[in-house]
S.K.: 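Supplied in structure tokens, the structure appears directly below.
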Amino acid sequence: MSSRRTMLRCLLACTAALAITAGSARAQTPSVLQQIISRGTLRIAVLPSLPPYSKVTPSGDPEGYDIDIAKRLADALKVKPEFVVTDIPGRVTSLQTHKVDVTIADFTRNVERSMTIAFTDPYLVTTMRMLVLDGNKARAITDMGTGEGIKIAISRGGTAERAVPAALPKATITRFNTQADEMSALLSGQVDGMAEDDFYNTQAIKDRPGKLRQLDGSLARAEIAIGMPAGDADLHRVLNLFVEQFNASGDNATMFKKWFGFDQPAITAHF
Amino acid sequence: MGYTFTLRTIYPYLGTLWQAAGLTLALSLLAIVISIVLGAGIAILRRSHSRLLRFIGAAYVEVMRNTPLLVILYIVYFAGPSIGIRLSSFNAALIGLSLNSAGYMAEILRAGLIAVAPGQFEAAHAQGLTALQTFRYVVFPQVFRTIYAPLGNQVIAVILASSLASAIAVDEVASWMETVGSTSFRFFETFVVAAIVYLVLCQAVNLGRLGIGRMLFRQGAVAR
């Protein structure tokens with residue numbers, strides 16, 4: 001029975017792979033802050049196509065709001081920035097495997113996520129809102145009722161996973177990997193709305209005049225923060241101080257206006 | 001502090017994994033059956049006496065083999081509505097996957113048809129069998145025996161390719177992997193679990209195929 005033997009071998013290989021992953025994870029590493037200082041560079045994970053947060057220009061250099069923050073941070077640490085362009089899972093895994101020191105990539109923090117990586121204080125707070133075709137009957141999210149018979153496009157595993165069912169318990173959740181796919185689904189009529197970042201929606205409406213609009217009301221509040229590996233208290237201390245002063249000095253507001261074209265909403269929450 | 005691989009952290013998400021695995025299995029098995037039927041038709045077209053039918057068969061195979069499945073899925077799901085064909089995610093994925101796999105199935109089946117000696121067609125004709133009877137009783141039993149091994153490859157290829165259906169919002173295993181990874185940030189755990197699920201699904205379907213083969217070809221050597 002060669003097939004049974006093949007199966008056994010595959011299982012053995014899997015077990016071995018697991019053992020290796022678990023073993024290497026326990027290896028000792030010097031503090032991340034010390035590594036950054038010794039190396040003289042700050043390695044930053046960024047996303048390739050999320051303008052105006054970040055995008056890779058034809059010359060290969062990234063640019064955008066998140067990129068300017070990264071450059072400012074490297075400046076403050078007196079080291080050179082080194083950008084590592086990655087994807088959605090890579091934002092997290094590259095921190096966990098120490099391929100990068102920090103992630104600055106429209107990263108929404110929450111308690112569950114902070115159990116695997118650390119987040120700084122937020123440098124931006126956005127709301128999640130509903131984008132619909134201009135011809136949609138609803139004016140506000142509440143006009144959609146329980147959401148029965150309504151399809152909503154969301155980003156897989158994002159803030160909307162909880163926010164949309166909370167607002168529209170009977171709506172059908174339609175999951176996509178990228179915002180571009182969500183947009184295609186909305187424009188082709190495969191979904192009735194897409195739940196996305198207010199800033200993204202605002203830009204999308206501007207890019208397609210007369211086709212799209214946002215419904216009144218917000219679905220969720222998202223705190224955007226810098227991500228770093230868990231367990232490095234020194235780096236966390238330094239990054240938090242950087243974010244606090246970056247926010248307080250007004251530099252953040254200036255940088256935001258440069259990339260988004262409108263004033264930055266308040267970062268503090270109303271309790 | 002390094003990363004500690006902890007499967008315990010994704011236990012809360014295992015409930016949705018079974019649904020996802022069921023969807024992957026349903027999507028793949030249906031696509032395999034449909035693409036065998038469709039592929040058989042195209043393979044026969046390619047052996048036709050009519051030049052036009054041969055061309056249609058060859059064109060179908062080349063178009064499907066030379067376009068990425070992802071593009072076909074996008075066309076069926078996103079472009080379909082603009083010509084009035086609005087399909088659910090699952091149906092769009094099933095059609096895209098079947099159309100794509102049929103291109104490969106056609107080539108596998110054609111190889112099987114070529115392996116049947118022309119003399120057998122003549123003999124069947126001489127016995128007074130109709131064309132349909134010739135295929136049913138003489139040709140296909142031999143074709144299936146010849147193609148059993150390459151068919152196994154294609155069956156597994158379809159199951160693995162079904163992971164692309166997540167791009168058009170089908171909540172199958174790859175979708176579960178991305179969703180749970182992004183929710184919990186436990187990507188390593190979800191990657192490993194998804195890999196094991198695909199391994200088990202592919203092996204289960206492959207063992208099923210071998211079982212069917214053993215039943216069909218009791219006498220003589222079993223093609224693996």
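Below, chain A is the first sequence line, B the second, and so on; all start at residue 1.
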S.K.: So what's closer than 4.5 Å to chain A heavy atoms on B:Ser82: side chain, backbone, both or neither?
M.R.: neither

S.K.: Let me have the donor-acceptor pairs involving side chains of residues 185-199 of chain B, under 3.5 Å, with sequence neighbours excluded, atom names and distances please.
M.R.:
unit_1   : atom_1 : unit_2   : atom_2 : d
B:Arg186 : NH1    : B:Tyr3   : OH     : 3.4
B:Arg186 : NH1    : B:Thr4   : O      : 3.2
B:Arg186 : NH1    : B:Glu189 : OE2    : 3.1
B:Glu189 : OE1    : B:Tyr3   : OH     : 2.6
B:Glu189 : OE2    : B:Tyr3   : OH     : 3.2
B:Glu189 : OE2    : B:Thr6   : N      : 2.8
B:Thr190 : OG1    : B:Arg186 : O      : 3.3
B:Thr190 : OG1    : B:Phe187 : O      : 2.9
B:Tyr198 : OH     : B:Glu172 : OE1    : 3.4
B:Tyr198 : OH     : B:Ala174 : N      : 3.3

S.K.: Considering only distance and modelled atom types, tabulate donor-acceptor pairs under 3.5 Å from the side chains of residues 83-93 of chain A, sequence neighbours left out.
M.R.:
unit_1  : atom_1 : unit_2   : atom_2 : d
A:Asp87 : OD1    : A:Gly90  : N      : 2.9
A:Arg91 : NH1    : A:Ala105 : O      : 2.8
A:Arg91 : NH1    : A:Asp106 : O      : 3.2
A:Thr93 : OG1    : A:Pro89  : O      : 3.1

S.K.: Between chain A and each of B:Ala167, B:Gly80, B:Ser175, B:Gly181, count heavy-atom pairs under 4.5 Å; write down the option with the most.
M.R.: B:Ser175

S.K.: Looking only at heavy atoms, what is the nearest atom pair of B:Glu178 and A:Asn177, with distance?
M.R.: CG-OD1, 4.3 Å

S.K.: In terms of heavy-atom proximity below 4.5 Å to chain B, should A:Ile117 be classed as side chain, backbone, both, or neither?
M.R.: side chain

S.K.: On a heavy-atom basis, which atom in B:Ser184 and which in A:Thr116 lie closest, and how many Å separate them?
M.R.: O-CG2, 3.8 Å

S.K.: What is the minimum heavy-atom distance between B:Pro81 and A:Ser188, and which atoms define it?
M.R.: CB-O, 3.2 Å

S.K.: According to side-chain hydrogen bond (donor to acceptor under 3.5 Å, both in side chains), does anything in residues 66-77 of chain B pair up with another residue at least two apart or in another chain? List the pairs.
M.R.: A:Asp181-B:Tyr74, B:Glu62-B:Asn66

S.K.: Test your reading of the model: is there a side-chain donor-acceptor pair from B:Arg86 to the backbone of A:Gly189, 3.5 Å cut-off?
M.R.: yes

S.K.: With the side chain counted from C-beta on, respond yes when B:Thr9 and A:Glu112 share a heavy-atom pair under 4.5 Å apart, and no when they do not.
M.R.: no

S.K.: Shortest non-hydrogen contact from B:Phe78 to A:Ala185?
M.R.: CE2-N, 3.4 Å

S.K.: Please classify the contact between B:Val180 and chain A as side chain, backbone, both or neither, with a heavy-atom cut-off of under 4.5 Å.
M.R.: neither

S.K.: What residues of residues 10-25 of chain B make heavy-atom contacts with chain A at a cutoff under 4.5 angstrom?
M.R.: B:Tyr13

S.K.: Quick one: pull up NZ in A:Lys151 and OG in B:Ser88 and give me the separation to the nearest 0.5 Å.
M.R.: 6.5 Å

S.K.: Going by heavy atoms in the side chains, are A:Glu161 and B:Ser182 under 4.5 Å from each other?
M.R.: no

S.K.: Which heavy atom of A:Arg113 sits nearest a heavy atom of B:Thr183, and at what distance?
M.R.: CG-O, 3.6 Å

